[in-house]
Amino acid sequence: MTPEPFTLRGLRTPQDFPGVAALLSAADPDWPVTPDMLVVWDAAHDPNLYRYELVAEQDGRIVGVGNAGHDDFAFEEWRYFGGLTVHPDARGQGIGRALYAALTEQLRARGAQDIRTMLSDQDRDAPGRAFLAARGFTRTWDRFESRLHTDAAELSTFDDLMGAVAADGVQLRSVADLAGDPERDRRLWELDWKLFQDVPMGQTLTRRPFDAWVRQEIEDPTFSHDLSFVAVRPDVQDP
């Protein structure tokens with residue numbers, strides 16, 4: 001079959017968000033994306049950090065998307081983080097290669113020395129892993145996901161543990177419960193940074209500005225205030 005022609009162009013916001021959301025959801029159905037999520041994430045981007053975004057269009061339809069920019073988790077002027085996704089039914093036509101070439105050309109012109117990305121170990125991502133390996137990417141760290149099917153879990157097995165925690169004077173409060181504290185977000189920002197130091201990412205981590213952190217974490221549409229909990233000692237005032 002002869003590949004259909006496609007064109008690369010810059011991402012148009014927010015006009016392209018419905019097409020990009022459909023593409024990302026088709027490529028990774030475990031993590032569906034909506035246009036509204038993309039609107040929020042786009043607005044939460046730190047404008048002080050470089051970002052470059054492209055889409056591949058085929059017959060008026062977005063079939064590929066690529067992005068690259070400064071890594072706000074470990075900022076260095078020469079370090080970048082990026083990714084590209086091609087719709088499952090549009091692969092094998094050179095779209096991924098074209099997006100990759102355009103992104104790397106842009107980053108080389110900026111003097112990039114380190115480009116990082118992230119990909120799962122799922123079977124559906126095997127072509128992506130092979131694509132990266134063929135271009136010299138190496139595996140540097142792993143992130144593990146743990147999932148619990150709450151409809152089948154016997155949660156009473158945690159009763160003794162919960163009782164011991166409470167007896168020690170620690171309360172588990174949801175982020176929603178803490179909304180009345182005017183310093184809640186700043187306290188969470190401080191706690192997040194302190195805990196983040198223990199994440200073994202193999203690089204010097206960067207603290208995000210408070211306002212950017214709030215937009216990217218607390219105001220993220222995928223973050224549930226009711227289902228996210230904090231351990232609190234009410235008698236301790238520790239910022």
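Along the sequence shown, residues are numbered consecutively beginning with 1.
A donor-acceptor pair is defined here as one N or O able to donate and one able to accept, closer than 3.5 Å; such a pair exists between the side chain of Q197 and the backbone of W193. For H225 (side chain) and I218 (main-chain N/O), a donor-acceptor pair under 3.5 Å exists by modelled atom type. Between the side chain of Q216 and the backbone N or O of A44, at least one donor-acceptor pair lies under 3.5 Å. The closest donor-acceptor contact from the side chain of R124 to the backbone of D28 lies at 3.5 Å or more, if one exists at all. Proximity of a side-chain donor or acceptor of R129 to a complementary backbone N or O of S120 within less than 3.5 Å is detected. Under a 3.5 Å cut-off, the side chain of S174 and the backbone N or O of F229 do not form any donor-acceptor pair.
Counting heavy-atom neighbours within 6.0 Å of D235 CG, excluding the residue itself, gives a total above 12. Counting heavy atoms of neighbouring residues, nucleotides and ligands inside a 6.0 Å radius, atom CZ of R97 does not exceed 12 of them.
Between R110 and W78 the shortest side-chain heavy-atom distance does not fall below 4.5 Å. The shortest side-chain heavy-atom distance between M37 and T222 falls under the 4.5 Å cut-off. The closest side-chain heavy-atom distance from H87 to I62 is not below 4.5 Å. Side chains of E217 and L188 form no contact here, defined as non-hydrogen atoms less than 4.5 Å apart. When side chains are defined from C-beta on, D192 counts as touching R208, because their heavy atoms get closer than 4.5 Å.
Criterion: ILVMFWY side-chain heavy atoms under 4.5 Å apart, direct or through other members. Under it, F81 and V20 are not part of a common hydrophobic cluster. No continuous path of hydrophobic side-chain contacts links F6 to V55 [ILVMFWY only; heavy atoms under 4.5 Å]. Hydrophobic clustering (ILVMFWY, side-chain heavy atoms < 4.5 Å, transitive): W41 and L54 are in distinct clusters. Hydrophobic clustering (side-chain heavy atoms under 4.5 Å, transitive across Ile, Leu, Val, Met, Phe, Trp, Tyr) groups F223 together with V214. Clustering ILVMFWY residues whenever any of their side-chain heavy atoms sit less than 4.5 angstrom apart, transitively, puts I115 in a cluster other than the one holding M118.
Every side-chain contact (heavy atoms from CB on, under 4.5 Å) that Y100 has, sequence neighbours left out, goes to L84, T104, F131, R135, F137. With sequence neighbours excluded, the residues satisfying side-chain contact (heavy atoms from CB on, under 4.5 Å) with F75 are L49, H70, E77, T206. Residues that satisfy the side-chain contact (heavy atoms from CB on, under 4.5 Å) test with A21, not counting sequence neighbours, are V33, P35, L38. F210 meets the ring-ring contact (aromatic ring centres under 6.0 Å, His included) test with W189; sequence neighbours excluded.
For residues 79-89, the salt bridge (charged side-chain N to carboxylate O under 4.0 Å, His left out) pairs, not counting sequence neighbours, are R61-D89, R79-D114. Screening residues 157-172 for side chain to side chain donor-acceptor pair (under 3.5 Å) gives D168-R233 as the qualifying pairs, with residues at least two apart or on separate chains.
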Yes or no on side-chain contact (heavy atoms from CB on, under 4.5 Å) for L8 and L99, after CA distance, side-chain angles and deciding distance? CA-CA 8 Å; L8 301 186; L99 285 168; 3.8 Å; yes
What's the verdict on side-chain contact (heavy atoms from CB on, under 4.5 Å) for R186 and R184, showing C-alpha distance, side-chain angles and the deciding distance? CA-CA 6 Å; R186 191 165 293 275; R184 182 198 67 177; over 6 Å; no
side-chain hydrogen bond (donor to acceptor under 3.5 Å, both in side chains) between Q93 and Q58, intermediate numbers included: CA-CA 11 Å; Q93 303 181 58; Q58 190 175 64; 3.0 Å; yes
Does the pair F73 and F196 meet the rule for a ring pair (Phe, Tyr, Trp, His ring centres under 6.0 Å), with working shown? CA-CA 10 Å; F73 281 91; F196 201 39; 5.5 Å; yes
Derivation and outcome, side-chain contact (heavy atoms from CB on, under 4.5 Å), residues E53 and L103: CA-CA 8 Å; E53 298 174 295; L103 292 170; over 6 Å; no
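Among all heavy-atom pairs drawn from V63 and A90, the shortest one is CB-CB, 3.8 Å. The two residues P29 and A26 have their closest heavy-atom pair at CD-O, 3.8 Å. Nearest heavy atoms, P18 versus Q15: CD-O, 3.4 Å. Heavy atoms only, all atoms of each residue included: A27 and T85 are closest at CB-CG2, 3.4 Å. Between V39 and P14 the shortest heavy-atom distance is CG2-CB, 4.5 Å. Shown here for I95 and A56, the closest heavy-atom pair between the two residues is CG2-CB, 3.5 Å.
Of the inter-residue distances, the one linking D177 atom CG with D226 atom CG reads 8.0 Å to the nearest 0.5 angstrom. The CD atom of E145 sits 9.0 Å away from atom CG of D121, with the distance rounded to the nearest 0.5 Å.
The residues R51 and D72 are annotated as not salt-bridged, no charged nitrogen and carboxylate oxygen being separated by less than 4.0 angstrom. Ion pairing of D220 with R215 is absent here, as no side-chain N (NZ or NE/NH1/NH2) approaches a carboxylate O to less than 4.0 Å. Electrostatic pairing of E190 and R207 counts as a salt bridge here, judged by a charged N lying under 4.0 Å from a carboxylate O. A salt bridge does not link R116 to D71: none of the charged side-chain nitrogens sits closer than 4.0 Å to a carboxylate oxygen.
Between Y52 and Y50, the ring planes are parallel. Angles under 30° get that label, and only those over 60° would be called perpendicular.
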